[in-house]
Amino acid sequence: MLKWLLPGWGRRWDWVQVEVSSLCNARCLYCPHTTLAPDWQGRLMSLDTFRRLLPSLRRARLVHLQGWGEPLLNPGFWTMVRLARGQGCQVGTTTNATLLDAEAARRMVAEGLEVVGLSLAGVDERNDEIRRGTSLAQVLGAMEHLAQAKAQAGSDLPAVHVAYLALRSRLEDVTRLPGLLKDRGVAAVVVSTLDLVTSPELAAEALWPRDQAEYERVAAILEGAAQGAAQAGLAWHHQLARPPGGALGPCTENLDKAMVVSAAGQIMPCVFHNLSAPRPLAWQEGGMRPWRQERFGDVNQELLEDIWRGREYRAFRHSLGRGSPPPGCHACPKLRMG
């Protein structure tokens, strides 16, 4: 989602994604927070750890406060927003909307958030079944709260984006999404697919086309939805993994200009390397296999710049750049996105 948010400023990093919470008040069926329970080791990022990031964050264009948990559960969330803004960064977050009431919307406007992402995985009651503990009604209500708060403050910010997860069994729902969101103050829709499968029961929901014919069928549905979004005045972005067997492309996670900081302060290239459970498994090559996670340092012990420049992290980025992904990435569909 993040690559679509803002134009570059010529800073070192396009974004730093900071997981301020790996705890969540929802139990979405597809989320590792749910599928890896009870081994999931949730936590809230401390203000002390966040402050250790501050000297480095001035090098980031955007600081996005989001991880595998619900950011607004962290009581230090608003302080973190202010601290990051104080470094000259644009700040965003993505939320399940359960805590985004009128007062939270007012504060988001007052604190100068650039973008707020709202998560969905359906356009009707099926969303509530998939994203247990959340509801479509809450998300639509959050849109209304944000629209009212922005109008009262005379502000265009934060921009409201919808982060929509398209599942194979409900793919046609994407064609209904523009109609649902029209005239609700939404600026953009970012459609993703289930690219990290941490439960074998979910493998059938992953939109990984098996051949060119299926790729073209799915792509046509997504393109049709994109046309509907354009008619509704919504920016629309989607990606789809190409069928297996072709050449690998660059990773869509922008690994040369972005990174993720876990709630514990560890640094990794993307959220797929940030599973807070020992020895996680994920669907790879037709079965559940150990999921290798690449991690490169801890901001509680080193400066973020020093971790970024470290030999192992540089070697990791170089291996992706020359088309020879390391073991932790070689099966990832993010390298086959069209």
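Please read these numbers as outputs of a predicted model, since none were measured by experiment.
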Problem set entry | Q293 and R295 side chains, donor-acceptor separation under 3.5 Å | yes
For this session: Kindly determine whether D128 and S135 satisfy side-chain hydrogen bond (donor to acceptor under 3.5 Å, both in side chains), including the steps that lead there.
Result: CA-CA 5 Å; D128 305 355; S135 75; 4.9 Å; no
For this session: Return the orientation label for the H273 and W291 ring planes: parallel under 30°, perpendicular over 60°, tilted otherwise.
Result: tilted
For this session: May I ask you to test the L53-L83 pair for a side-chain heavy-atom distance under 4.5 Å?
Result: no
For this session: Supply the atom-to-atom distance M259 CE to D14 CG, rounded to the nearest 0.5 angstrom.
Result: 10.5 Å
Seminar exercise, completed: Residues joined to L194 in its hydrophobic cluster, side chain to side chain under 4.5 Å directly or through other members, sorted by chain and number, are Y30, I130, L165, L167, V197, L202, W208, L281, W283, M288
Exercise. Can you get from V271 to L36 by hopping between Ile, Leu, Val, Met, Phe, Trp and Tyr side chains that sit under 4.5 Å apart?
Worked result: yes
Exercise. With distance as the sole test, does T34 use its side chain to make a donor-acceptor pair with the main-chain N or O of L29 at under 3.5 Å?
Worked result: no
Problem set entry | Test side-chain hydrogen bond (donor to acceptor under 3.5 Å, both in side chains) applied to Q284 - qualifying residues, sequence neighbours left out | none
Problem set entry | Student check: side-chain heavy atoms of F272 and C329 closer than 4.5 Å | no
Problem set entry | Donor-acceptor contact below 3.5 Å, side chain Q266 vs main chain S262 | no
For this session: Evaluate the side-chain proximity of W68 to L275: yes if any heavy-atom separation is below 4.5 Å, no if none is.
Result: yes
Seminar exercise, completed: side-chain hydrogen bond (donor to acceptor under 3.5 Å, both in side chains) filter on Q227, not counting sequence neighbours, yields none
Exercise. Do T35 and S199 have side-chain atoms, one donor and one acceptor, less than 3.5 Å apart?
Worked result: no
Exercise. For Q41, does the CD atom have more than 12 heavy-atom neighbours from other residues, nucleotides or ligands under 6.0 Å away?
Worked result: yes
Problem set entry | Residues T98 and Q138: side-chain donor-acceptor under 3.5 angstrom | no
Exercise. Which residues, ordered by chain and number, are linked to L303 in its hydrophobic cluster, where ILVMFWY side chains connect at heavy-atom gaps below 4.5 Å, directly or through other members?
Worked result: none
For this session: Could you check if a side-chain atom of R43 sits within less than 4.5 angstrom of a side-chain atom of S276, using non-hydrogen atoms only?
Result: no
Seminar exercise, completed: Rounding to 0.5 Å, atoms OG (S324) and NE2 (H318) come to a distance of 7.5 Å
Exercise. Should we count CZ of R289 as having more than 12 external heavy atoms under 6.0 Å?
Worked result: yes
Exercise. Is the shortest heavy-atom distance from the side chain of L100 to the side chain of V116 under 4.5 Å?
Worked result: yes
For this session: Determine whether H145 and M108 make a side-chain contact, defined as any pair of heavy atoms from C-beta on separated by less than 4.5 Å.
Result: no
Side chains of residues 118-127: which donor-acceptor partners sit under 3.5 Å, not counting sequence neighbours?
| from | atom 1 | to | atom 2 | distance (Å) |
| --- | --- | --- | --- | --- |
| D124 | OD1 | R126 | N | 2.9 |
| D124 | OD1 | R170 | NH2 | 3.2 |
| D124 | OD2 | R170 | NH2 | 3.1 |
| D124 | OD2 | R176 | NH1 | 3.3 |
| R126 | NH1 | E129 | OE1 | 3.0 |
| N127 | OD1 | A121 | N | 2.8 |

Exercise. Yes or no on side-chain hydrogen bond (donor to acceptor under 3.5 Å, both in side chains) for E70 and S21, after CA distance, side-chain angles and deciding distance?
Worked result: CA-CA 6 Å; E70 169 52 43; S21 172; over 6 Å; no
Exercise. Does NZ or CZ of R309 come closer than 6.0 Å to the centre of the six-membered ring of Y313, within 45° of the ring's axis?
Worked result: no
Exercise. Stepwise, does the side-chain hydrogen bond (donor to acceptor under 3.5 Å, both in side chains) test hold for T134 with N96?
Worked result: CA-CA 7 Å; T134 74; N96 62 26; over 6 Å; no
Exercise. Do L320 and L335 have side-chain heavy atoms sitting under 4.5 Å apart?
Worked result: yes
Problem set entry | 4.5 Å side-chain heavy-atom contact, P290 and R279 | no
Using atom types as modelled, flag every donor-acceptor pair under 3.5 Å from a side chain in residues 184-193 to any protein atom, sequence neighbours excluded.
| from | atom 1 | to | atom 2 | distance (Å) |
| --- | --- | --- | --- | --- |
| R184 | NE | L180 | O | 2.6 |
| T193 | OG1 | D195 | OD1 | 2.7 |
| T193 | OG1 | D195 | OD2 | 3.3 |

Problem set entry | Enclosure of D156 CG (heavy-atom neighbours >12, cutoff 6.0 Å) | no
